[in-house]
Amino acid sequence: MAVQVELAGTLKTGREEISEDPVLVAGMDASYGHSSAYAAIVIMGYPDLTFQSRVEARSPTRFPYVPGFFAFREIPALLEAYNLVGNPPGVLLVHGHGYSHPRRAGIAIHLGAFLGIPSIGVAGRPLPGMEVSEPGESRGACSEIIMEEEVTGVFLRTQEDTRPVYISAGYRTTLTQAIRIALSCCRHSRFPEPIRLADRAAGRMRRRHERNILQGDQV
DNA sequence: GCGACAG
DNA sequence: ATCTTGTCGC
């Protein structure tokens, strides 16, 4: 908790913005096996979403899943994967909350600050303490996420007939930019395409690797 | 005491 | 996050 409070205190989240749209956006996610975390990062062009590259890494799981402390579990593996990235992306799309967090320091903020790259938080479920109302039914409709009287993000409908996602500012991005960029990256899916591809890649890597381990293969 | 709890 | 089961749609 002290790390998160300290982190949030040194930043001015939401009040600082990137001057230009990114040329490259990165989607980051991880999958978990028996004792390993499998992280994947997919980089795409913005706003055309042309595939650029994908990197993957495996590392031991060192921290349990505890709501509110997701960053400590997921970041180590994501950093190992990031070491393999070639051209640095202009924005990180992180699968998890950013400013919408009990201490305003969700994984998107933590990861972005650590790497010094603007980031955006995109989550599929709420964290305790969030108050939201159902947004309109059309793509792009959104309602505020309120925590302790403060607007920390938005509940955004990225596709019709689909459950909205939780969007919040990350490191050096405003909520307005987060909404626009995240929505621009959603093609025919609920989540931004880079995150979706990273999610699939991480899952594939996990299944392939753990299947080979059971066979006693050397991987 | 019970429910709620990013992934 | 993972697992299992079933259904719909490309």
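Numbered from 1 within each chain, the chains take letters A, B, ... in sequence-line order. The analysis underlying the following values was restricted to heavy atoms, covering all of them including side chains, and did not include hydrogens, waters or symmetry mates.
A/Arg190 places a side-chain N or O within donor-acceptor distance of the main-chain N or O of A/Pro164, the cut-off being under 3.5 Å.
A close approach under 4.0 Å does occur between a side-chain nitrogen or oxygen of A/Ser31 and OP1 or OP2 of C/dT2. One finds a side-chain N or O of A/Arg206 lying less than 4.0 angstrom from the OP1 or OP2 phosphate oxygen of C/dC3.
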Symbol by symbol from the 5' end, with Watson-Crick or G-U pairs under 3.5 Å, [ ] crossing and | another strand, DNA chain B is .......
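Here A/Met205 sits in one hydrophobic cluster together with A/Tyr38; the rule is ILVMFWY side chains under 4.5 Å apart, joined directly or through other members.
What separates CZ of A/Phe69 from C1' of C/dA1 is a distance of 18 Å, to the nearest Å. Atom NE2 of A/His188 is separated from atom P of C/dC10 by 12 Å (rounded to the nearest Å). In this structure, A/Arg211 atom CZ and C/dT2 atom P are separated by 16 Å, rounded to whole Å. In this structure, CG of A/Leu127 is placed 15 Å from C1' of B/dG3, rounded to the nearest angstrom. Atoms NE2 (A/His95) and P (C/dT2) sit 11 Å apart, rounded to a whole Å. The distance from atom CE of A/Met28 to atom C1' of B/dG7 is 15 Å, rounded to the nearest whole Å. Atom CD1 of A/Ile75 is separated from atom P of B/dG7 by 15 Å (rounded to the nearest Å). Rounding to whole angstrom units, CG of residue A/Asp199 and P of C/dT2 are separated by 8 Å.
Looking at A/Pro194 and A/Cys185, their side chains come closer than 4.5 Å, going by heavy atoms from C-beta outward.
Residues A/Glu6 and A/Arg103 are not paired through a salt bridge, judged by the lack of any N-O separation under 4.0 Å between the basic side chain and the carboxylate. A salt bridge links A/Glu150 to A/Arg104: one of the charged nitrogens lies within less than 4.0 Å of a carboxylate oxygen.
Here A/Tyr32 lies in heavy-atom contact (under 4.0 Å) with sugar-phosphate atoms only. Residue contacts for A/Gly68: at a heavy-atom cut-off of 4.0 Å it reaches a base atom on one of the strands shown.
Side-chain contact annotation: A/Ser36 with A/Arg58, donor-acceptor N/O pair under 3.5 Å present.
Between A/His110 and A/Phe70, the ring centre distance reaches or exceeds 6.0 Å.
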